Amino acid sequence: MEPKYQPNFFEEKIYQFWEGNNYFHAEINKEKKPFSIILPPPNANADLHLGHAMYVYEDIMIRFYKLMGFEVLWLPGADHAGFETQYVFEKHLKEKGKSRFDYNREELYQMIFEFVMKNRDNMENQLRRLGFALDWQRKKFTLDADIIQVVYDTFKKLFEAGLVYRAKRLVNFCTFCGTSFSDLEVVYKEKLGKLYYIKYLFKSKNDNIKNKNYISVATTRPETLLGDTAVAVNPKDKRFKNLIGRSLIVPLVNREVKIIADLVVDPKFGTGAVKVTPAHDQTDWEISQRHNLSLIQVIDFDGRMMKEAGEEFQGLFINQAREKVVEKLKELNLIEKIDDYKHRVGHCYKCGQVIEFLPKEQWFIKIKPLAERAKEKVVKEKIKIYPKRFKKILLWWLDHFQDWNISRQVVWGIRIPAYKCQSKIKNQKSKIEKESWFVSLEKPKKCLICGNCDFKQDEDTFDTWFSSGQWPFATLASCSISNIKYQKSKTHIKNQKEKNNLITKQFNNEFFNYFYPTSVMETGYDILPWWVARMIMLGLFYTGKVPFKNVFLHGLVKDKFGQKMSKSKGNVINPMEMIDKYGADALRLALVYQVKEGNDQSLSEGKIVGMRNFINKVWNIGRFIYLTKQIKNQKSEIRNNSLKSIIIKKLKKEYVNEKKRYLKLMKDFKFSLALSLLYKFLWHRLADFYIERLKEEFKNGNIKASKVLEDVFLGNLIMLHPFTPFVTEAIWRIYYNKKESILDKKF
RNA sequence: GGAUCCUUAGCUCAAUGGCUAGAGCAUUCGCUUGACGUGCGAAGGGUUGGAGGUUCGAGUCCUCCAGGGUCCACCA
């Protein structure tokens with residue numbers, strides 16, 4: 001054994017040994033209890049960052065339960081990351097002077113597909129370098145044909161259950177990225193703007209308020225008045241009480257609108273009267289629904305003013321239109337005043353531009369019934385949440401979700417399997433949207449509504465979270481399909497009927513039933529509403545069971561000053577670089593040691609160095625024992641009741657206690673404390689105290705003392721293995737002359 | 001406005017109501033000790049943000065105050 005542990009020398013070989021000998025492969029084993037985790041699928045296209053390295057908690061659990069004698073499955077996967085990936089790809093195109101509009105849908109999809117596949121191996125190998133005990137034979141991709149089939153099936157079942165509907169609503173739309181977003185993806189930022197007080201003249205000369213022939217309304221977005229269809233006041237507001245129902249004239253467009261009363265209006269804000277633009281403001285949209293107001297869209301999906309805004313404004317960008325509107329109003333003396341105003345504005349989380357509210361027909365999921373069911377399971381602890389405080393947060397979300405817009409105007413994703421009957425549109429037979437749409441798992445040969453029209457498939461794809469929200473059951477169902485010898489092809493769907501039959505049969509499949517519900521879902525707390533909540537809702541809907549029994553949430557990794565890591569700040573720690581320098585074990589320990597589960601942590605290279613030192617210590621304890629074992633002239637006894645023999649007894653006792661506490665902590669998800677226990681014991685008790693005290697005995701070849709020391713050390717090696725798999729395996733295999741793996745052992 | 005986390009050594013953080021409040025890094029001194037200098041031995045560094053309370057016992061539980069972070073909501 002070398003005096004220093006050299007991770008680079010061992011790690012790759014050891015991982016190949018594990019993978020090559022199927023140590024990570026799971027099968028049904030009726031004699032064992034199952035323990036399963038589905039890896040949160042990283043973006044197939046991107047390098048791993050420290051957030052992914054935090055999945056080390058999963059590896060710790062997987063390896064721990066393997067050593068506990070469970071049949072463990074840790075299923076890896078990759079996410080196509082729809083919009084995220086397309087965004088990156090479009091940047092590449094831009095560098096080449098191209099844009100997505102230079103290609104048709106199929107070309108673009110194929111190009112992105114190749115782009116992603118080229119990088120997927122890279123991402124997967126990075127997971128290997130972290131030492132993760134993933135069952136690679138069962139790896140999945142969110143765009144695998146059989147995953148897509150499950151996603152289609154979920155959509156169809158939701159559609160049939162009336163839980164997915166198509167509606168024209170205001171959606172969060174980024175006119176720069178060209179797609180809509182769910183509410184969760186909009187980032188609100190404080191912004192300094194102006195509050196304009198604009199005069200709306202009464203139509204009738206008899207109407208007035210305090211002898212003025214107008215009402216002022218306050219707005220931050222004067223350009224939207226081009227689409228106003230009412231002015232609203234609070235019904236309890238005495239100032240306006242007598243004016244409700246009267247008519248005003250919207251400036252510039254000279255449209256006659258009524259004064260309406262709605263409780264949503266705050267009398268204390270602005271003038272107490274508010275302009276209502278149903279097409280471009282969420283609150284106004286809601287008012288319009290209550291009052292049956294008409295909707296006039298004046299801003300288009302490319303961020304320019306439409307024909308409906310009037311000839312003068314048509315084609316202008318929003319900001320230009322705003323300036324022009326204000327200018328015109330000033331000319332007409334219709335601006336009462338302009339205040340500085342600080343308010344919060346929604347921005348695109350990706351490109352940072354202002355999000356517009358635009359009316360668009362989209363698919364929505366009716367959340368309420370799904371959330372109610374999920375809530376019940378969480379309240380009754382059919383799903384346990386660790387740390388506990390996140391239970392409350394999850395429940396808050398389940399109470400506050402709005403209907404979920406799952407349509408995205410992006411090519412890279414799972415195209416929505418909904419088809420529109422064309423004859424219905426032509427004949428205008430049905431005003432109800434749902435009646436002109438049908439959902440089909442396979443490309444239909446004829447229109448399922450009228451039977452003969454040239455039906456059209458929806459151009460949109462699903463929100464990535466819609467498919468990843470099904471990940472636990474979709475992956476296991478897909479494994480079931482593979483298990484019954486289904487030959488899958490990655491992109492092209494062959495023999496559709498056979499496949500659909502298999503999908504409906506999948507829940508009778510043993511493999512699925514053995515591992516589902518999964519044991520733990522482990523991920524960062526930042527995606528609790530995006531992902532965890534949706535997995536629970538969709539999992540319950542599709543399978544009738546919770547998708548996982550426990551949720552374990554970890555915190556975010558920040559730099560050593562507690563700042564968020566970002567490329568622009570230049571404070572990013574690259575996990576692969578750290579592995580190159582200090583080994584995977586050191587990085588893994590640094591992410592877990594002395595960190596409270598669920599709390600954010602600051603990570604510095606110094607901490608990784610410290611952990612590397614501990615690993616070297618463990619290596620050297622092993623080396624010491626290994627070397628003293630070679631000593632000849634071993635004698636079997638020392639004098640009874642001697643001080644030495646008391647120390648040996650003490651060591652045995654301390655070890656028994658340590659192990660007991662370790663097992664308890666690990667079962668309670670208190671991994672960091674378990675690690676501290678091992679750290680302290682190995683370094684400050686075993687090495688500093690016992691070995692130093694008994695050094696002479698060992699060197700004199702005292703068999704009894706050596707045996708105890710060896711047992712205690714090897715026991716600790718097994719306990720430490722979930723945290724530092726490489727060094728423990730390396731020592732073990734040297735110790736046993738490469739004859740066995742530490743993974744064959746049990747506690 | 002709501003929720004939540006945090007405030008402990010110079011820095012970053014641990015600590016299951018219970019022994020002298022610990023670790024990593026940093027600092028000082030001494031050791032070329034036959035496992036390890038990625039080490040060993042020692043030292044310095046703390047009124048655990050503040051004020052009350054519960055308790056035999058509080059860094060930990062409760063109340064209030066101050067400061068910081070994060071998430072969410074939001075009035076045009």
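In what follows, chains carry the letters A, B, and so on, assigned in the order in which the sequence lines appear, proteins first and then strands, with residues in each chain numbered from 1. Being a predicted model, the structure only gives us computed values, none of them experimental. Any value given below was found using the heavy atoms of this structure, including those in side chains, with hydrogens, waters and symmetry copies removed.
Of the C1' atoms belonging to B/A14 and B/G1, the separation is 34 Å, rounded to the nearest Å. Distance noted for atom C1' between B/A42 and B/A3: 49 Å (whole Å). Rounded to whole Å, the separation between the P atoms of B/C5 and B/C61 comes to 10 Å. As rounded to the nearest Å, B/C40 and B/U33 have P atoms that lie 14 Å from one another. Nucleotides B/G59 and B/A21, compared at atom C1', are 8 Å apart to the nearest Å. Spacing between B/C19 and B/C72 at atom C1', rounded to whole Å, works out to 44 Å. Between the P atoms of B/C11 and B/G45, the separation comes to 16 Å (whole Å). Comparing the same atom, C1', in B/A26 and in B/G49 gives a spacing of 24 Å after rounding to whole Å.
When the side-chain nitrogen and oxygen atoms of A/Lys670 are compared with OP1 and OP2 of B/U16, none of them lie within a distance under 4.0 Å. A close approach under 4.0 Å does not occur between any side-chain nitrogen or oxygen of A/Trp683 and OP1 or OP2 of B/G24. Applying the 4.0 Å criterion to OP1 and OP2 of B/G37, one finds that A/Asn620 has every side-chain N and O outside that range. Side-chain nitrogen and oxygen atoms of A/Tyr341 include at least one within less than 4.0 Å of the OP1 or OP2 phosphate oxygen of B/A76. Distances shown here put a side-chain N or O of A/Tyr679 below 4.0 Å from the OP1 or OP2 atom of B/G24.
Backbone-only contact: A/Asn599 has heavy atoms under 4.0 Å from sugar-phosphate atoms and none from a base. Residue-level contact check: A/Glu692 touches the bases, meaning some heavy atom is under 4.0 Å from a base atom. Counting non-hydrogen atoms under 4.0 angstrom, A/Arg612 reaches a base of the nucleic acid. Heavy atoms of A/Ser602 sit under 4.0 angstrom from primed sugar atoms or phosphate atoms, though from no base atom. The residue A/His343 sits close only to the backbone: its heavy atoms come under 4.0 Å of sugar-phosphate atoms, none of a base. Here A/Asp600 lies out of heavy-atom contact (under 4.0 Å) with every strand. Among the heavy atoms of the strands lying under 4.0 Å from A/Lys4 is at least one base atom, whether or not backbone atoms are also near. Base contact: A/Lys617 has a heavy atom under 4.0 Å from a base atom. Among the heavy atoms of the strands, none lies under 4.0 Å from A/Ala273. Among the atoms of the strands shown, base atoms are found under 4.0 Å from some heavy atom of A/Ile691. Backbone-only contact: A/Lys392 has heavy atoms under 4.0 Å from sugar-phosphate atoms and none from a base.
Pairing for B/G57 is absent, with no Watson-Crick or G-U wobble pair whose two atom distances lie under 3.5 Å. In a base pair of the Watson-Crick type (N1 to N3 plus N6-O4 or O6-N4) or a G-U wobble (N1-O2 and O6-N3), with each distance short of 3.5 Å, B/U33 is matched with no nucleotide. Nucleotide B/U7 has B/A66 as its partner under the Watson-Crick or G-U criteria, with both atom distances under 3.5 Å. Searching all strands for a Watson-Crick or G-U wobble partner of B/A14 with both distances below 3.5 Å returns nothing. In a base pair of the Watson-Crick type (N1 to N3 plus N6-O4 or O6-N4) or a G-U wobble (N1-O2 and O6-N3), with each distance short of 3.5 Å, B/A42 is matched with B/U28.
Without hydrogens or angle criteria, A/His684 side chain to A/Lys680 main chain gives no donor-acceptor distance under 3.5 Å.
Under the 4.0 Å criterion applied to side-chain N and carboxylate O atoms, A/Glu605 and A/Lys581 are assigned as salt-bridge partners. For A/Glu223 and A/Arg221, the salt-bridge test passes: some basic side-chain N is under 4.0 Å from an acidic carboxylate O.
Computed from coordinates, the A/Arg389 CZ to B/C71 P distance equals 14 Å when rounded to whole Å. Taking atom CG of A/Asn616 as the reference point, atom P of B/G24 lies 15 Å away to the nearest angstrom. Rounded to an integer number of Å, the gap from A/Asp266 CG to B/A76 P is 10 Å. B/A3 atom C1' lies 11 Å from atom CH2 of A/Trp397, rounded to whole Å. Rounded to an integer number of Å, the gap from CZ of A/Phe614 to P of B/U38 is 17 Å. Taking atom CD of A/Glu286 as the reference point, atom C1' of B/A73 lies 13 Å away to the nearest angstrom. If you measure from atom NZ of A/Lys596 to atom P of B/G22, you get 18 Å, rounded to the nearest angstrom. Separating the CG atom of A/Leu556 from the C1' atom of B/C13 is a distance of 16 Å, rounded to the nearest angstrom.
Of the candidate nucleotides B/A35, B/U16, B/C75, B/A35 has the atom nearest to the side chain of A/Lys695. The side chain of A/Trp396 has B/C72 as its nearest neighbour among B/G39, B/C72, B/A35.
Note that NZ of A/Lys275 is 3.5 Å distant from CG of A/Asp228, once rounded to the nearest 0.5 Å.
Taking the six-membered ring for Trp and the full ring otherwise, the centers of A/Phe357 and A/Phe173 sit at least 6.0 Å from each other. Between A/Tyr214 and A/Phe202, the distance from one ring center to the other does not fall under 6.0 angstrom. Separation of the A/Phe726 and A/Phe10 ring centroids does not fall under the 6.0 Å cut-off.
A cation-pi arrangement is present between A/Arg534 and A/Trp404, with the terminal nitrogen or guanidinium carbon under 6.0 Å from the aromatic centre and inside a 45° cone about the axis. For the pair A/Arg685 and A/Phe689, the cation-pi criterion (under 6.0 Å, within 45° of the ring axis) is fulfilled.
Both A/Ile608 and A/Gln594 lie near RNA chain B, and the one whose nearest nucleotide falls closer to the 5' end is A/Gln594. When the nearest nucleotides of RNA chain B are assigned to A/Asn613 and A/Gly272 by heavy-atom distance, the more 5′-ward of the two goes with A/Asn613.
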